[in-house]
Amino acid sequence: MYINQEVTMKRRSIRSIYTALPLAALIAVASALSLQAQERHTIYDSSTPLSVVIGVKGGVVLTSARQQFPSVRIGDSYAGSGTISSSFGRTGLGSRYGLEVLIPFTSRLGIVGDLAMQTSDVRLAADGSRPAVRFDIQAVQGEIGLQGNLYVDTNAFAGPGLRTVYLSGGPDIALGVIENRLEGYRVDSNNVMTPAIGSFDNNDPFRTLVALRFAGGVRYGIGVHWEMQGEASYAFALNSLFSSNVVRDNSFTFDNVGIMLGLGYRF
């Protein structure tokens, strides 16, 4: 597998004061209401916590192996690699980039989804009797979940400033494997190991990998409509990578930690 007159004048003066005070108060109230209305207009007629956001997001993905990597044989190798324990696993560096959509229900809660291209890099160290093994798998990922805002500053939607601090979570599904690459070794007839690179010809060996992805992040306004995003995530795989029709009794899978930056437009 692969945010008197004198008194009269005084009385007139007092009457003037009593007349002016309500008028001044009325003017002050009217001014305050006008200013408040202008602020409300500025904030809520341009961009609000209920506005839909569409953006791009990308960054690095750190991959860690779980369970045993199955025995593989590259090309005309006389022997397979044998199963490799995840205790030999090392953190691999991959990437994820794609499109994201946020549709708020309230200022605190909304639905979020993305469509991304992700490369996961599985690394297994050498054990003394065999060379290191590296397996890269690139797949189209589809995620949908809920996003809850722990902090919201409505004033920041009128311009620059920290708008929200959020948590999100939901299933992340590999919709299709685009590419795979295995760096391993081959064994010749004299049992000598030499570096070798191979790949599986099709998607038959793979299951539809499903993970639960949890994330935390911030959205920072850089204008009325534009905002930047920073996010850290963890994806925990729920099933094995390889199909049982190809590899029996093998539960190898991997988890990913992501660090992302994004740019979004809030309508």
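As the structure is a prediction and not an experimental result, all values here were calculated from the model. Residue numbers start at 1 and run along the sequence shown.
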| request: State whether F236 and R66 meet the cation-pi test: NZ (Lys) or CZ (Arg) under 6.0 Å from the six-membered ring centroid, and within 45° of the perpendicular axis. | output: yes
| Looking at OG of S168 and CG of N149, how far apart are the two atoms once the value is rounded to the nearest 0.5 Å? | 10.0 Å
| task | Please say whether more than 12 non-hydrogen atoms of neighbouring residues, nucleotides or ligands are located less than 6.0 Å from CG in N191. | result | no
| query | Within a strict 4.5 Å, meaning less than it, do heavy atoms of the F242 and T253 side chains meet? | reply | no
| field | Joint hydrophobic cluster, V246 plus V72, side-chain heavy atoms closer than 4.5 Å | value | yes
| message | To the nearest 0.5 Å, what is the distance between OG1 on T164 and CD on Q229? | response | 8.5 Å
| Do you know which two heavy atoms are closest between F157 and S47, and how far apart they sit? | CB-O, 3.3 Å
| query | Does V101 share a hydrophobic cluster with L263, counting links as ILVMFWY side-chain heavy atoms below 4.5 Å and allowing steps through other members? | reply | yes
| query | What do you reckon, is CZ of F105 surrounded by more than 12 foreign heavy atoms closer than 6.0 Å? | reply | yes
| Where is the tightest heavy-atom contact between A126 and P131, given as atom of each residue plus distance? | CB-C, 3.7 Å
| field | Exercise: do T119 and Q138 side chains pair donor with acceptor under 3.5 Å | value | yes
| said: With clusters defined by side-chain heavy atoms of hydrophobic residues (ILVMFWY) lying less than 4.5 Å apart, directly or transitively, does V53 cluster with V218? | reply: no
| query | With a distance cut-off below 6.0 Å to the six-membered ring centre and an angular limit of 45° from the axis, does R163 pair with Y151 as a cation-pi contact? | reply | no
| task | Check the pair L146 / V112 against side chain to side chain contact (heavy atoms under 4.5 Å, CB included), numbers first and verdict last. | result | CA-CA 6 Å; L146 294 176; V112 64; over 6 Å; no
| Between H225 and Y265, what is the ring plane arrangement, given parallel below 30°, perpendicular above 60°, and tilted in between? | parallel
| task | State, without any angle test, whether S199 and R181 hold a side-chain donor-acceptor pair at a distance under 3.5 Å. | result | no
| message | Do S95 and V61 have side chains that approach each other closer than 4.5 Å (heavy atoms only, starting at C-beta)? | response | no
| message | Could you measure the distance from the OG atom of S85 to the CG atom of L124? Nearest 0.5 Å is fine. | response | 9.0 Å
| field | Backbone N/O of T48 and side chain of R266: donor-acceptor pair under 3.5 Å | value | yes
| Would you call L115 and L175 a side-chain contact if the rule is heavy atoms closer than 4.5 Å? | yes
| message | For the CG atom of L212 and the OH atom of Y234, what is their distance to the nearest 0.5 Å? | response | 10.0 Å
| request: Could you tell me whether the side chain of T63 and the main chain of D121 form a donor-acceptor pair under 3.5 Å? | output: yes
| query | Does a side-chain heavy-atom distance below 4.5 Å link V192 with V187? | reply | no
| note | d(S81 OG, Y185 OH) to nearest 0.5 Å is 4.5 Å
| field | Close side-chain approach of L261 and K57, heavy atoms under 4.5 Å | value | no
| Does any N or O in the side chain of T106 come within less than 3.5 Å of the main-chain N or O of L109, such that one atom is a donor and the other an acceptor? | yes
| query | Any chance the side chains of Q118 and S120 put a donor and an acceptor closer than 3.5 Å? | reply | yes
| Between V177 and L209, is there a shared hydrophobic cluster once you connect ILVMFWY residues whose side-chain heavy atoms come closer than 4.5 Å? | yes
| field | Donor-acceptor contact present, side-chain N250 to main-chain Q68, <3.5 Å | value | yes
| query | Strictly under 6.0 Å, is that where the ring centroids of F252 and F69 end up? | reply | yes
| said: On a heavy-atom basis, which atom in T91 and which in R123 lie closest, and how many Å separate them? | reply: O-CD, 3.9 Å
| said: I'd like to check R186 versus I197 (side-chain heavy atoms, cut-off strictly below 4.5 Å). Are they in contact? | reply: no
| If you look at every heavy atom in V122 and A65, which pair is closest and at what distance? | CG1-CB, 4.1 Å
| task | Please step through side chain to side chain contact (heavy atoms under 4.5 Å, CB included) for the pair V133 and I84, ending with a clear verdict. | result | CA-CA 9 Å; V133 171; I84 307 173; 3.8 Å; yes
| So do M117 and I178 actually touch side chain to side chain, heavy atoms under 4.5 Å? | yes
| said: Under 4.5 Å between side-chain heavy atoms, counting indirect links through other Ile/Leu/Val/Met/Phe/Trp/Tyr residues: same cluster for F254 and I173 or not? | reply: no
| message | More than 12 heavy atoms of other residues, nucleotides or ligands under 6.0 Å from CD1 of I259: yes or no? | response | no
| query | What do the steps show when you test I74 against L182 for side chain to side chain contact (heavy atoms under 4.5 Å, CB included), and what is the final call? | reply | CA-CA 9 Å; I74 300 177; L182 177 67; 3.9 Å; yes
| What are the two closest non-hydrogen atoms of F88 and R130, and how far apart are they? | CG-NH2, 3.7 Å
| request: Compute whether any side-chain donor of one residue and acceptor of the other, for S243 and D204, lie under 3.5 angstrom apart. | output: no
| task | Applying side chain to side chain contact (heavy atoms under 4.5 Å, CB included), run through I54 and E100 and close with a yes or a no. | result | CA-CA 6 Å; I54 296 178; E100 181 183 78; over 6 Å; no
| query | With a cut-off of under 6.0 Å to the ring centre and 45° to the axis, is R219 in cation-pi contact with Y166? | reply | yes
| R207 and L241, any side-chain heavy atoms less than 4.5 Å apart | no
| message | For the CE atom on M193, are there more than 12 heavy atoms of other groups (residues, nucleotides or ligands in this structure) within a distance under 6.0 Å? | response | yes
| Counting N and O atoms only, with roles assigned by atom type, does the side chain of S71 sit under 3.5 Å from a partner on the main chain of G82, one being a donor and the other an acceptor? | yes
| field | D172 and R96 ion-paired at < 4.0 Å | value | yes
| Is there a donor-acceptor pair under 3.5 Å between the side chain of D255 and the backbone N or O of A237? | yes
| Shortest non-hydrogen contact from P49 toward S107 | CB-CB, 3.7 Å
